[in-house]
Peer 1: 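Before anything else, here's the structure in question.
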There are 2 protein chains.
Amino acid sequence: MEILDIIKSLSNETRLNILKWLKDPYAHFPEEELSEDTPQLGVCVSDIAKKAEMSIPTVSDYLKTMSSAKILIATRRGQWTYYKRNEQLLQDLAMHIKDVL
Amino acid sequence: MEILDIIKSLSNETRLNILKWLKDPYAHFPEEELSEDTPQLGVCVSDIAKKAEMSIPTVSDYLKTMSSAKILIATRRGQWTYYKRNEQLLQDLAMHIKDVL
DNA sequence: TAGGTATTTAGGTAATTACCTAAATTTGTG
DNA sequence: CACAAATTTAGGTAATTACCTAAATACCTA
């Protein structure tokens, strides 16, 4: 766990919001963008970009940064890339801050 | 707790190191820089700057940033400003990441 | 009050980050 | 294969952050 990369990937308001939205996609994305696979797969780049009101390339890069830091998990399915949270890493991060930092 | 400011104040390697050094000053600073007051007061700016091998103004600014985010607590004592960790806030941060983020 | 030490503030440059648009790539489909 | 949709990559500019030195301030003590 590269703590500095993880923290850096969280040090931006939009990225932090994305993380929160993905905690409960059903509460934050329109119904027609969700499916039964949403819990397993997460949400695709363009839907997240729309929610963030930012350009797709910017958000694509944010998501890539966050998955490099292992905060998000990417799944390519056809032409779509879905991103979901890495709950395990977030719990590890909390424990690390609690005990190590 | 302004989570974004807290995370930003941790998103730099030197600032992260300072936080760790202050967790146990006796393990990280030379004996002659420590006293019986160290646990209550923390360590002064110039000693931290020396340890970080960076200029005093830079470190002074880092420490100010961190205490604005409430991660550190500053105590002015004569001509010295001592900084110690805010353990409560760090625990709150860990819980916030665990439960809210 | 004078002079010394610790710190902070001001002001600067270099590096990094935050975005964007345009172009390239990947994948599905007729 | 050609074309369309989703994404990524490239390449750019503006804003922010990371440092530094010099100057100003705060506080001590003779």
Side-chain angles (χ1 to χ4, degrees), chain A residues 2 4-19 22 25 29-30 32-35 37-38 41-69 71-84, chain B residues 2 4-19 22 25 29-30 32-35 37-38 41-69 71-84:
Chain A
E2 201 42 75
L4 189 57
D5 289 336
I6 295 169
I7 291 174
K8 279 186 176 174
S9 84
L10 295 176
S11 67
N12 169 284
E13 186 163 20
T14 302
R15 288 194 299 266
L16 216 48
N17 282 332
I18 290 170
L19 192 68
L22 291 178
F29 294 89
E32 63 270 23
E33 292 170 1
L34 303 164
S35 76
D37 294 330
T38 301
L41 289 178
V43 181
C44 74
V45 177
S46 47
D47 291 346
I48 297 172
K50 190 197 299 173
K51 173 76 178 170
E53 299 179 300
M54 298 188 77
S55 77
I56 289 174
T58 295
V59 170
S60 172
D61 189 57
Y62 283 173
L63 294 167
K64 193 180 165 193
T65 298
M66 293 169 86
S67 64
S68 297
I71 281 201
L72 297 183
I73 297 168
T75 308
R76 182 86 186 198
R77 172 80 61 105
Q79 17 184 184
W80 294 274
T81 306
Y82 295 92
Y83 286 92
K84 68 172 171 184
Chain B
E2 201 42 75
L4 189 58
D5 288 336
I6 295 169
I7 291 174
K8 280 186 176 175
S9 83
L10 295 176
S11 66
N12 169 283
E13 186 162 23
T14 301
R15 288 194 298 265
L16 217 47
N17 282 333
I18 290 171
L19 192 67
L22 292 178
F29 294 90
E32 64 270 23
E33 293 172 359
L34 303 164
S35 76
D37 295 328
T38 302
L41 288 179
V43 181
C44 73
V45 177
S46 48
D47 291 346
I48 297 172
K50 190 198 296 174
K51 173 76 180 171
E53 298 179 301
M54 297 188 78
S55 76
I56 289 175
T58 295
V59 171
S60 173
D61 189 56
Y62 282 174
L63 295 167
K64 192 181 165 193
T65 298
M66 293 169 87
S67 63
S68 296
I71 282 202
L72 297 183
I73 297 168
T75 309
R76 183 85 186 197
R77 171 80 61 104
Q79 12 182 188
W80 293 275
T81 306
Y82 296 91
Y83 285 93
K84 69 171 172 185

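Every chain is numbered from 1, with letters handed out A, B, ... down the list of sequences.
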Peer 1: For B:N17 and D:dA18, give me the distance from atom CG to atom P, rounded to whole Å.
Peer 2: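 In whole Å, D:dA18 P and B:N17 CG are 14 Å from each other.
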Peer 1: Under 4.0 Å between any heavy atoms, over every strand shown, what does B:Y82 touch: base, sugar-phosphate, or nothing? Just pick one.
Peer 2: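 Here B:Y82 touches no strand at all.
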Peer 1: Starting at CD1 of B:I56 and ending at C1' of D:dA26, how long is that distance when rounded to a whole Å?
Peer 2: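 For the pair B:I56 CD1 and D:dA26 C1', the rounded distance is 15 Å.
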Peer 1: Could you check A:T14 against A:W80 and say which one's nearest nucleotide on DNA chain C is further toward the 5' end?
Peer 2: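 Checking each residue's closest nucleotide, the 5'-ward one belongs to A:T14.
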Peer 1: At 4.0 Å (heavy atoms only), tell me whether A:R77 reaches a base, stays on the sugar-phosphate, or touches nothing.
Peer 2: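 No contact at all - A:R77 keeps every heavy atom at 4.0 Å or more from the nucleic acid.
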Peer 1: Whole angstrom is fine here: how far is it from CG in A:L63 over to C1' in D:dA6?
Peer 2: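 Answer to the nearest Å: 13 Å.
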Peer 1: Quick check: are there more than 12 heavy atoms from other residues, nucleotides or ligands sitting under 6.0 Å from CD of B:E53?
Peer 2: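 Check fails, neighbour count at 12 or below.
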Peer 1: Determine whether any donor atom in the side chain of A:Q79 lies under 3.5 Å from an acceptor atom in the base of D:dA5, or the reverse, and answer yes or no.
Peer 2: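 Between D:dA5 and A:Q79, which were checked side chain against base, a qualifying N/O pair under 3.5 Å is present.
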Peer 1: What's the closest nucleotide to the side chain of B:P57 if the choices are D:dT17, C:dA10, D:dC19?
Peer 2: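 When the side chain of B:P57 is considered, C:dA10 is the closest of D:dT17, C:dA10, D:dC19.
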Peer 1: Specify the separation, in whole Å, of atom NZ of A:K8 and atom P of C:dT17.
Peer 2: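 To the nearest whole Å, that distance equals 5 Å.
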Peer 1: Could you tell me whether the phosphate oxygens of D:dC20, OP1 or OP2, come under 4.0 Å of any side-chain nitrogen or oxygen in B:S55?
Peer 2: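 Indeed, a polar side-chain atom of B:S55 lies that close.
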Peer 1: Does the side chain of B:R77 reach to within under 4.5 Å of the side chain of B:D37, using non-hydrogen atoms?
Peer 2: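 B:R77 vs B:D37: side chains touch.
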Peer 1: Taking only side-chain nitrogens and oxygens of B:S46, does any of them come within less than 4.0 Å of OP1 or OP2 of C:dT7?
Peer 2: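 Answer is yes, contact under 4.0 Å.
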Peer 1: Mind calculating the distance between CG (A:D47) and P (D:dA5) to the nearest angstrom?
Peer 2: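 My rounded result for the distance is 15 Å.
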Peer 1: Are any non-hydrogen side-chain atoms of A:N12 and A:T65 less than 4.5 angstrom apart?
Peer 2: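 They are not in side-chain contact.
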Peer 1: Quick one: B:R15 CZ to D:dT16 P, roughly how many Å, whole number?
Peer 2: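 Going from B:R15 (CZ) to D:dT16 (P), I get 16 Å.
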Peer 1: Can you confirm whether more than 12 heavy atoms, excluding those of B:K64, are under 6.0 Å from its NZ atom?
Peer 2: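 Atom NZ in B:K64 is not packed in, count stays at 12 or less.
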Peer 1: Describe the nucleic acid contact of B:T58 in one word from base, sugar-phosphate, nothing, applying a heavy-atom distance below 4.0 Å.
Peer 2: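 Touches a base.
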Peer 1: By the 4.0 Å heavy-atom rule, please label B:N12 as base, sugar-phosphate, or nothing.
Peer 2: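 It contacts sugar-phosphate atoms only.
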Peer 1: Does a side-chain heavy-atom distance below 4.5 Å link A:I48 with A:F29?
Peer 2: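 Side chain of A:I48 against side chain of A:F29, heavy atoms only: contact under 4.5 Å found.
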Peer 1: Quick test of your reading of the model: are A:E33 and A:K51 salt-bridged, counting only N-O distances below 4.0 Å?
Peer 2: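 Looking at A:E33 and A:K51, the cut-off is not met.
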Peer 1: Categorize A:T81 for me: base, sugar-phosphate, or nothing, with a 4.0 angstrom heavy-atom threshold over every strand shown.
Peer 2: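 Sugar-phosphate: the residue A:T81, judged by heavy atoms under 4.0 Å, touches backbone atoms but no base.
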Peer 1: Whole angstrom is fine here: how far is it from CD1 in B:I48 over to P in C:dT8?
Peer 2: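 My rounded result for the distance is 10 Å.
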Peer 1: Report yes if a side-chain nitrogen or oxygen of B:Y62 is closer than 4.0 Å to either non-bridging phosphate oxygen (OP1 or OP2) of D:dT17; otherwise report no.
Peer 2: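 Checking B:Y62 against D:dT17: no side-chain N or O falls below 4.0 Å of OP1 or OP2.
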Peer 1: Side-chain N or O of A:S60 versus OP1/OP2 of D:dT8: is the shortest distance under 4.0 Å?
Peer 2: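 It does, given that an N or O in the side chain of A:S60 lies less than 4.0 Å from OP1 or OP2 of D:dT8.
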Peer 1: Over how many whole Å does the gap from B:L4 atom CG to D:dT16 atom C1' extend?
Peer 2: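 For the pair B:L4 CG and D:dT16 C1', the rounded distance is 13 Å.
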Peer 1: Check whether any side-chain N or O of B:K64 sits under 4.0 Å from OP1 or OP2 of C:dT9, and answer yes or no.
Peer 2: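 Yes, B:K64 has a side-chain N/O under 4.0 Å of OP1/OP2 on C:dT9.
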